[in-house]
Amino acid sequence: MAGVKKKILSQLNAFDDLGINSELMYREGNKLLIQKNGKIKKKFEIKKGLSRYKRSIYKVFKKEAISSNYDYVYIRFPNTIDFSVLSLFKCVGKDKVILEVPTYPIKGEFDEQLKDLKNKKLYIEYILKNVLFMTHNLLSRNLNQYVNRIVTYMPYDSIWGVKTIPIDNGVDVTKYLPLTNKIHDSSTFVLTGVANVSKWHGFDRVIYGIKEYTDNIKNNKTIIFNIVGDGPEISNLKNLVKLNNLENHVIFHGPKFNEQLISIYNKTDVAISSIGMHRIGLIEGSTIKTKEYCSLGLPFVYAYKETKISDTFGYALQVDANENPIDIELLINFYNNLKINENYEEKMHDFAVENYTWVSQMKRVIELMKVEKLNA
């Protein structure tokens, strides 16, 4: 996914800015690549197999003694823990393994995937996925034997028995500058949601809200909802739009980047962050999109607890985490009140600079590991 790749590269750049000599290892097709300063340093052939490359990656680590070249190996959570993953951790060595777990608890995501497979009557895939999740639940109980620290965006002191390093998602504030060419039509109210669209983004709540708003003849604004990106929920949302005759109000743009995305943002009054995280059992989180919206100076709506965003933060609207349609009139009033605040775009960007740079987030990881090494 483009968002994950962008995030990993931003973290790598942050390590470089902090003076940490770092390299990136990633899979591309049937090759495992090590990259330094944007150039490929080494290539290894790997096979997919039943473990979806995991076993083959472990064998490369073992044969090449790769971990001996590094003080720490920072690993993004590989969706589930299986025997190949544990073998990799063991090969690297507990003291060196730092595991990033973006979402916790993950049971809600597991349940959602199983439910989706069952609804589609993909019973073989359902059984295989169930076995995978049961294996994860069994093996993750002993993760503290293999992992030094877990980096998380969730408010937990430990996950699976491993001490955590809580951080926030970050943003490259030099690339996400305040929007300067905003276009606002007083007769139209424009919402935009950008995501790899899944059920926990809750975009259906906005669609139902638009239906309620447009059905009321007293309401005279034209409501537009831009949905940018692909994802497993897109087809369901398109069916919902068609069922409610909202084709003139909801626009599916597909993935957009750079100037095309900025053009959509410039026509947006309020952005939609995640408003359905309760569907996977989460009430707190730290999503990338809220950080990007902050840096752009784009007011947004969300439905969970963001650590650094309090009631005094006047540039975001927290709505209830439930299945109710979003009250479009509430969003319009929020935006109208916000417009009174001069230069709110710059103020939001300043907030992102103070709280959400990747350098400030990864510095927490580096500093804690330095202290741990001194005390070892």
Worksheet item: Less than 6.0 Å separating the ring centroids of Phe77 and Trp160?
Response: yes
Practice prompt. Using a cut-off of 6.0 Å, state whether more than 12 heavy atoms not belonging to Lys90 lie near its atom NZ.
Written response: no
Discussion item. Taking Gln113's backbone N and O only, do any of them form a donor-acceptor pair with Lys129's side chain (distance below 3.5 Å, no angle check)?
Written reply: no
Item to complete: Only pairs at least two apart or in different chains count here, so list each side-chain hydrogen bond (donor to acceptor under 3.5 Å, both in side chains) that has a residue in residues 232-243.
Response: Glu233-Asn236
Fill in: side-chain contact (heavy atoms from CB on, under 4.5 Å) evaluation trace for Met369 with Asn148
CA-CA 10 Å; Met369 300 317 295; Asn148 187 333; 3.7 Å; yes
Item to complete: Answer with yes or no whether the hydrophobic clustering places Val206 together with Leu330; edges join I, L, V, M, F, W, Y residues whose side-chain heavy atoms lie under 4.5 Å apart.
Response: yes
Discussion item. Testing the 3.5 Å rule here: is there a donor-acceptor pair between the side chains of Asn216 and Glu329?
Written reply: no
Worksheet item: Residues two or more places apart in sequence or in another chain: which of them pass salt bridge (charged side-chain N to carboxylate O under 4.0 Å, His left out) with Glu323?
Response: Arg279
Discussion item. Under a 4.0 Å threshold between the charged nitrogen and the carboxylate oxygen, would Lys107 count as salt-bridged to Asp111?
Written reply: yes
Worksheet item: Can you list the steps and then say if Tyr213 with Leu331 is a side-chain contact (heavy atoms from CB on, under 4.5 Å)?
Response: CA-CA 11 Å; Tyr213 181 89; Leu331 271 56; over 6 Å; no
Item to complete: Please say whether more than 12 non-hydrogen atoms of neighbouring residues, nucleotides or ligands are located less than 6.0 Å from NZ in Lys62.
Response: no
Item to complete: Evaluate the salt bridge (charged side-chain N to carboxylate O under 4.0 Å, His left out) criterion for residues Glu354 and Lys308: first the C-alpha distance (whole Å), next the side-chain angles of each, then the deciding distance (0.1 Å), finally the verdict.
Response: CA-CA 11 Å; Glu354 291 172 11; Lys308 287 189 171 64; over 6 Å; no
Worksheet item: Quick one: ring pair (Phe, Tyr, Trp, His ring centres under 6.0 Å) partners of Phe313, sequence neighbours excluded?
Response: Tyr315, Phe351
Worksheet item: Do we see a donor-acceptor contact under 3.5 Å between the side chains of Asn355 and Lys291?
Response: no
Fill in: Listed once per pair and sorted, the side-chain hydrogen bond (donor to acceptor under 3.5 Å, both in side chains) pairs that draw on residues 37-51, sequence neighbours left out
Glu23-Lys41, Lys31-Glu45
Worksheet item: Can any side-chain N or O of Asn130 pair as donor or acceptor with the backbone N or O of Tyr126 at less than 3.5 Å?
Response: no
Worksheet, complete the sentence: Of all heavy-atom pairs linking Lys54 and Ser84, the shortest is CB-CB, 3.8 Å
Practice prompt. Name all residues meeting the ring pair (Phe, Tyr, Trp, His ring centres under 6.0 Å) criterion together with Phe133; count only those two or more places apart in sequence or in a different chain, and write none if there are none.
Written response: Phe110
Worksheet item: With the threshold set at 4.0 Å, does a side-chain nitrogen-carboxylate oxygen contact exist between Asp82 and Arg55?
Response: no
Fill in: For Asp116, all residues meeting side chain to side chain donor-acceptor pair (under 3.5 Å), sequence neighbours excluded
Lys120
Practice prompt. Would you indicate whether Phe83, at its atom CZ, is surrounded by more than 12 heavy atoms from other residues, nucleotides or ligands within a distance under 6.0 Å?
Written response: no
Fill in: Residues that Thr312 engages under side chain to side chain donor-acceptor pair (under 3.5 Å), provided they are two or more places apart
Ser310
Worksheet item: How far apart are the closest heavy atoms of Gly161 and Asn144, and which atoms are they?
Response: O-CB, 3.3 Å
Worksheet item: Is it true that a side-chain atom of His201 and a backbone atom of Ser274 form a donor plus acceptor pair closer than 3.5 Å?
Response: no
Discussion item. Would you say that more than 12 heavy atoms from the other residues, nucleotides or ligands in this model lie under 6.0 Å from the NZ of Lys221, or not?
Written reply: yes
Item to complete: Calculate, to the nearest 0.5 Å, the distance between atoms OH and CD belonging to Tyr344 and Glu346 respectively.
Response: 10.0 Å
Worksheet item: Taking the six-membered ring for Trp, are Phe300 and Tyr302 parallel (under 30°), tilted (30 to 60°) or perpendicular (over 60°)?
Response: tilted
Item to complete: Decide whether Asp16 and Ser22 meet the rule of one side-chain donor and one side-chain acceptor closer than 3.5 Å.
Response: yes
Worksheet entry | Spacing of Met362 atom CE and Asp17 atom CG [to the nearest 0.5 Å] | 12.0 Å
Worksheet, complete the sentence: Connected to Ile224, directly or through other members, by ILVMFWY side-chain contacts below 4.5 Å are Val190, Ile251
Practice prompt. Using distance alone, with no hydrogens and no angle criterion, decide if Asp168 and Ser286 have a side-chain donor and acceptor under 3.5 Å apart.
Written response: yes
Worksheet item: When you check the gap from the basic side-chain N to the acidic O, do Lys289 and Glu292 get nearer than 4.0 Å?
Response: yes
Worksheet entry | Side-chain touch Pro325/Arg205, heavy atoms, less than 4.5 angstrom | no
Worksheet item: Are the side chain of His249 and the backbone N or O of Ile223 linked by a donor-acceptor pair below 3.5 Å?
Response: yes
Fill in: From Phe61 atom CZ to Met25 atom CE, the distance as rounded to the nearest 0.5 Å
4.0 Å
Worksheet item: Does a sphere of radius 6.0 Å around CZ in Arg364 hold more than 12 heavy atoms from other residues, nucleotides or ligands, not counting ones at 6.0 Å or beyond?
Response: yes
Worksheet entry | Side chain Thr135, main chain Val131, donor-acceptor under 3.5 Å | yes
Fill in: Expected output: side-chain Thr164 to main-chain Val151 donor-acceptor under 3.5 Å
no
Discussion item. I'd like to check the side chain to side chain contact (heavy atoms under 4.5 Å, CB included) partners of Thr357; sequence neighbours left out, ordered by chain and number.
Written reply: Val173, Val359, Ser360
Discussion item. Would the distance check show the side chain of Lys256 and the main-chain N or O of Ile262 forming a donor-acceptor pair, the cut-off being under 3.5 Å?
Written reply: no
Item to complete: List in chain and number order the residues that pass ring pair (Phe, Tyr, Trp, His ring centres under 6.0 Å) with His184, two or more places apart in sequence or in another chain; answer none if no residue qualifies.
Response: Tyr335
Worksheet entry | Exam field: side chain Glu306 to backbone Thr287, donor-acceptor pair closer than 3.5 Å | yes
Worksheet entry | With sequence neighbours excluded, residues passing side chain to side chain contact (heavy atoms under 4.5 Å, CB included) with Asp230 | Pro255
Discussion item. Check this for me: Asn119, atom CG, are more than 12 non-hydrogen atoms of other residues, nucleotides or ligands nearer than 6.0 Å?
Written reply: yes
Worksheet item: Is there a donor-acceptor pair closer than 3.5 Å between any side-chain N or O of Ser198 and the backbone N or O of Asn196?
Response: yes
Discussion item. Once salt bridge (charged side-chain N to carboxylate O under 4.0 Å, His left out) is applied, do any residues pair with Glu100, and if so which ones, sequence neighbours excluded?
Written reply: Lys7, Arg76
